Amino acid sequence: MVRFVEENTKHMEKETGNISNTDVTTVKKKVLQDLSINNGGGLVNSWVNSMRACSPTHLKSLMKQSSWLTEHPPALDMFEEILHVSEGKQIVMFLDYDGTLSPIVDNPDRAFMSKKMRRTLRKLAICFPTAIVSGRCREKVYNFVKLTELYYAGSHGMDIKGPAQGSKYKEGKSLLCQPATEFLPMIDEVYQKLVEKTKVTPGANVENNKFCASVHFRRVDEKNWSDLANQVGSVIKEYPKLRITQGRKVLEIRPIIKWDKGKALEFLLESLGYANCTDVFPIYIGDDRTDEDAFKILRDKRQGLGILVSKFPKETNASYSLQEPDEVMDFLQRLVEWEQLRSGA
């Protein structure tokens, strides 16, 4: 259902070039009404089916591991090939946080990365321009990482800030991009309503990520997913300027603007002076459905590559795979060692 709403909105944007607020309201309300009234609970069922479809056990049953790895080979095994295709180009690193730099945990406030990963990231930022692109609030991600030499893109890229200090890639004053500032009061309001509405569902956790609100259901019993989806839907139906997308055991409530992690990647490349350049090689590493927007940008442009972090087969626009954050760290360490050897550092 959510995808259907988004596809209808995108179709209107494509046809009209600039969609009005009235059009957005009309389309979303009509689709929601049709599904919830005419289909007798189709709205909730669509969400719940989507929530189930994202579970690793379901995805694993759809694809054979061996054939999937043939299409998305391990990046560590293909490291020399990756270096070969990046030869003569400036590597720029883009990294998701949860599930990529830190393990997925039940409590999102405890998603700490290791000290070894932090040391690796610091070295990586010395070698290459490095950005963390997360659905989390930018300030929360920074508090986890605590490295001033990185670019941080929080709230799915709707809150971007450049290095405060310590980066040789920093140009002039610190970069700042917030394309959804007008939605801040609305997100705060929705967050409060979601907290109140979902408190009756054991395990539900609502997180305010500044430019988006996240409803985590990792600790919610599957038998209660329908109730949770119903609770979220009852709040969001009053806000036609917001949309729902889905990540790993989380429903994301975001402004209905043309901005995502792919747009954030393009913005950062342009800010670094690499817009429309053929001598740049972006590498994006992420584990979530929301990272697919960035993977798709790179695939469509035939520029750089995407690496999906997953132990299970998934449909993805990424070219390569890694299984877990420890493998991500190994890959980053090898990149650092290669660059240090190449530059004589």
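Computed from a predicted structure; not experimentally measured.
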Starting from L184, can I reach Y239 by hopping between I/L/V/M/F/W/Y residues whose side chains sit under 4.5 Å apart? yes
Over 60° means perpendicular and under 30° means parallel, so tell me whether Y284 and F94 are parallel, tilted or perpendicular. parallel
Counting only heavy atoms from other residues, nucleotides and ligands, does the tally under 6.0 Å from NZ of K140 exceed 12? yes
Taking atom CD of E324 and atom CD1 of I104, what is their separation to the nearest 0.5 Å? 12.5 Å
Rounded to the nearest 0.5 Å, how far does CZ of R219 lie from CG of N224? 14.0 Å
E315 side, atom CD; L308 side, atom CG - distance, nearest 0.5 Å: 11.5 Å
Does a salt bridge link K193 with E238, judged by any charged N lying under 4.0 Å from a carboxylate O? no
Taking the side chain as every heavy atom from C-beta outward, state whether F281 and V85 have any pair of such atoms under 4.5 Å apart. yes
Is any side-chain heavy atom of L150 less than 4.5 Å from a side-chain heavy atom of L95? no
Over all heavy atoms of both residues, which pair between E327 and Q323 is shortest? Give the atoms and the distance, please. OE1-N, 2.9 Å
From CD1 (I285) to CG (L322), nearest 0.5 Å: 6.0 Å
Which of R136, E252, E207, R254 passes side chain to side chain donor-acceptor pair (under 3.5 Å) with S214? It is E252
Counterpart residues, ring-ring contact (aromatic ring centres under 6.0 Å, His included), relative to H72 (two or more places apart): W68
For N107, I'd like to know if atom CG has over 12 heavy atoms of other residues, nucleotides or ligands within 6.0 Å. yes
Using ring centroids (six-membered ring only for Trp), state whether F79 and F331 fall under 6.0 Å. yes
Over all atoms of both residues, closest heavy-atom pair of L298 and G306: CD1-N, 4.2 Å
Could you tell me which non-hydrogen atom of F112 sits nearest to which non-hydrogen atom of D109, and how far apart they are? CZ-O, 3.7 Å
With a 4.5 Å heavy-atom cut-off, do L101 and F144 have their side chains touching? no
Could you please spell out the steps behind the salt bridge (Lys or Arg N to Asp or Glu O under 4.0 Å) verdict for E339 and R342? CA-CA 5 Å; E339 176 61 18; R342 188 186 68 84; 2.9 Å; yes
Minimum heavy-atom distance between F295 and G286, given as atom pair plus value: CZ-O, 3.7 Å
Sub-4.5 Å side-chain heavy-atom contact between L69 and S321: yes
Are the charged groups of E266 and K301 less than 4.0 angstrom apart, N to O? yes
Counting only heavy atoms not in K210, do more than 12 fall under 6.0 Å of its NZ? yes
F211 side chain near I187 side chain, heavy-atom distance below 4.5 Å: no
So, S114 side chain and M117 main chain: donor-acceptor pair closer than 3.5 Å or not? yes
Please find the pair of heavy atoms, one from S102 and one from P325, that lie closest to each other, and give the distance. O-CG, 3.6 Å
Report yes if the side chains of P129 and Q90 come closer than 4.5 Å at any heavy-atom pair, otherwise no. yes
Just by distance, do the side chain of N230 and the backbone of S226 share a donor-acceptor pair under 3.5 Å? no
Side chain to side chain, R299 and S319, heavy atoms closer than 4.5 Å: yes
If you count every heavy atom of other residues, nucleotides or ligands that lies below 6.0 Å from E270 atom CD, does the total exceed 12? no
Could you report the tightest heavy-atom contact between L147 and R122, atom names first, then the distance? CD2-NH2, 3.1 Å
Pair K261 + D291: basic N to acidic O under 4.0 Å: yes
After noting the C-alpha distance and the side-chain angles of D287 and D96, does the key distance pass the side-chain contact (heavy atoms from CB on, under 4.5 Å) rule? CA-CA 7 Å; D287 74 307; D96 181 32; 2.7 Å; yes
In the structure I gave you, are the side-chain heavy atoms of H156 and D293 within less than 4.5 Å of one another anywhere? no
For E81 and Y320, test the side chains for any donor-to-acceptor distance below 3.5 angstrom and give the result as yes or no. yes
